[in-house]
Amino acid sequence: MNHTGLLLIDVDGPLNPYAAPRHRRPRGFETFRYTSSGGWFSGRQTRKHRGMRVWLNPAHGTALLDLAADTGLQLMWCTTWQHEANTHIGPAIGLPRLPVIEFPEEDVLSDGAGAQGWRRDGNWKWATVARYAAGRPLAWLDDDHDDPAFAAARADFDKQRLATPTLLSHVDPRTGIQSDHLDRIRTWASALGTPARHF
């Protein structure tokens with residue numbers, strides 16, 4: 001069994017502070033645009049295309065790589081962006097290709113008008129992570145840990161993780177990852193006694 005600790009990263013919330021004031025880009029962040037056709041634009045091109053605005057801070061890539069090197073934790077994407085996190089998000093902040101936790105496609109629902117979303121009970125996320133990380137120490141940066149809609153799925157996850165070191169690091173989607181999140185993970189990981197693992 002692989003006992004290397006995992007460091008899971010969500011995109012929307014931790015890396016993309018989507019809940020920040022709409023017309024006030026946070027300091028240090030750059031604007032990107034993701035279109036419904038899969039286009040990805042940066043700089044002045046973002047003004048020429050409609051789609052989802054994404055704010056990303058290039059300094060987060062270096063900070064996460066340093067954290068992984070210091071703690072021995074393996075960086076992984078845990079996001080509904082799934083493999084597109086490696087296509088768009090990683091390169092924008094200087095991360096290499098990372099492993100991706102894949103969520104079950106049957107939990108993607110359609111509203112009948114062409115729009116898609118994930119089941120609101122959150123089981124697709126919590127159960128998938130529990131299975132993937134079984135027996136391995138886990139630190140998880142996400143903005144949904146305390147979502148009341150996920151209460152049952154969270155309770156089942158907590159039960160499965162009772163005997164395994166687990167740190168759920170809640171990130172405010174108005175601000176994204178802050179230094180205190182990284183410091184907390186460093187402190188937690190230092191108690192695991194895992195040897196440093198470098199990229």
Side-chain angles (χ1 to χ4, degrees), residues 1-18 32 34 38 40 54 56-108 116 118-119 122-145 150 153-154 156-158 160-161 163-171 173 176-177 181-182 184-186 188-199:
M1 181 181 294
N2 188 342
H3 292 282
T4 300
L6 302 176
L7 174 53
L8 306 188
I9 315 161
D10 187 16
V11 170
D12 295 319
L15 294 179
N16 171 31
Y18 63 86
F32 297 84
Y34 180 70
W40 180 257
V54 179
L56 297 172
N57 187 337
H60 280 156
T62 299
L64 289 167
L65 288 172
D66 288 347
L67 180 61
D70 292 345
T71 62
L73 299 173
Q74 179 184 7
L75 287 171
M76 294 194 66
W77 293 118
C78 183
T79 171
T80 54
W81 285 79
Q82 299 201 91
H83 289 281
E84 285 189 299
N86 277 323
T87 305
H88 304 305
I89 309 300
I93 62 174
L95 287 178
R97 293 189 68 82
L98 301 176
V100 176
I101 290 184
E102 297 179 341
F103 300 122
E105 291 184 8
E106 58 266 26
D107 286 324
V108 178
Q116 294 185 325
W118 295 87
R119 293 173 58 94
N123 191 56
W124 53 272
K125 192 174 203 178
W126 292 94
T128 302
V129 170
R131 285 192 299 271
Y132 190 94
R136 303 173 71 176
L138 167 67
W140 184 1
L141 290 158
D142 201 297
D143 64 312
D144 283 334
H145 290 147
F150 298 167
R154 163 74 186 269
D156 188 55
F157 174 88
D158 289 344
Q160 293 183 58
R161 299 288 304 178
T164 311
T166 304
L167 176 64
L168 300 181
S169 186
H170 178 76
V171 179
I177 294 173
H181 296 111
L182 308 182
R184 186 177 177 214
I185 292 172
R186 276 191 174 84
W188 172 82
S190 67
L192 298 177
T194 55
R197 171 182 170 275
H198 300 276
F199 282 83

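Residues Arg161 and Val129 fail the side-chain proximity criterion, which asks for heavy atoms closer than 4.5 Å. Taking the side chain as every heavy atom from C-beta outward, Val54 and Trp81 approach each other to under 4.5 Å. Trp77 places none of its side-chain heavy atoms less than 4.5 Å from the side chain of Ile101. The shortest distance between side-chain heavy atoms of Asp143 and Tyr18 falls below 4.5 Å. Contact annotation: the side chain of Met76 approaches that of Leu8 to within less than 4.5 Å [non-hydrogen atoms, C-beta and beyond]. Proximity of Ile89 to Trp40: side-chain heavy atoms (C-beta onward) are separated by under 4.5 Å at one or more points.
Counting only N and O atoms by type, the side chains of Trp126 and Asp156 include no donor and acceptor under 3.5 Å apart. Trp140 and Asp10 share no side-chain donor-acceptor pair at under 3.5 Å.
Here the shortest heavy-atom pairing between Arg184 and Ser169 reads NH1-CA, 4.0 Å. Shortest non-hydrogen contact noted between Leu73 and Leu6 is CD2-N, 4.0 Å. The shortest non-hydrogen separation linking Leu64 to Leu75 is O-CD1, 3.8 Å. Among all heavy-atom pairs drawn from Gln74 and Arg136, the shortest one is OE1-NH2, 3.3 Å. Across every non-hydrogen atom of Thr79 and Ala85, the tightest pair is CG2-CB, 4.0 Å. The shortest heavy-atom contact between Leu141 and Pro14 is O-CG, 3.7 Å.
Leu168 CG to Asp144 CG: the interatomic distance, rounded to the nearest 0.5 Å, is 12.0 Å. A distance of 7.5 Å separates CD of Gln82 from OG1 of Thr80, quoted to the nearest 0.5 Å. Distance CG/Asp12 to CG/Asp142: 10.0 Å, rounded to 0.5 Å. Atoms CZ and NE2, from Phe157 and His145 in turn, are 7.0 Å apart once rounded to the nearest 0.5 Å.
Here the options are Leu67, Leu167, Leu138, Thr71, the test is side chain to side chain contact (heavy atoms under 4.5 Å, CB included), and the partner is Leu7; only Leu67 passes.
Taking the six-membered ring for Trp and the full ring otherwise, the centers of Phe32 and His88 sit at least 6.0 Å from each other.
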field: Pair Glu102-His83, side-chain contact (heavy atoms from CB on, under 4.5 Å): steps then yes or no
entry: CA-CA 8 Å; Glu102 297 179 341; His83 289 281; 2.6 Å; yes
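Although no hydrogens or angles enter the test, the distance criterion places no donor-acceptor pair under 3.5 Å between the side chain of Asn57 and the main chain of Leu15.
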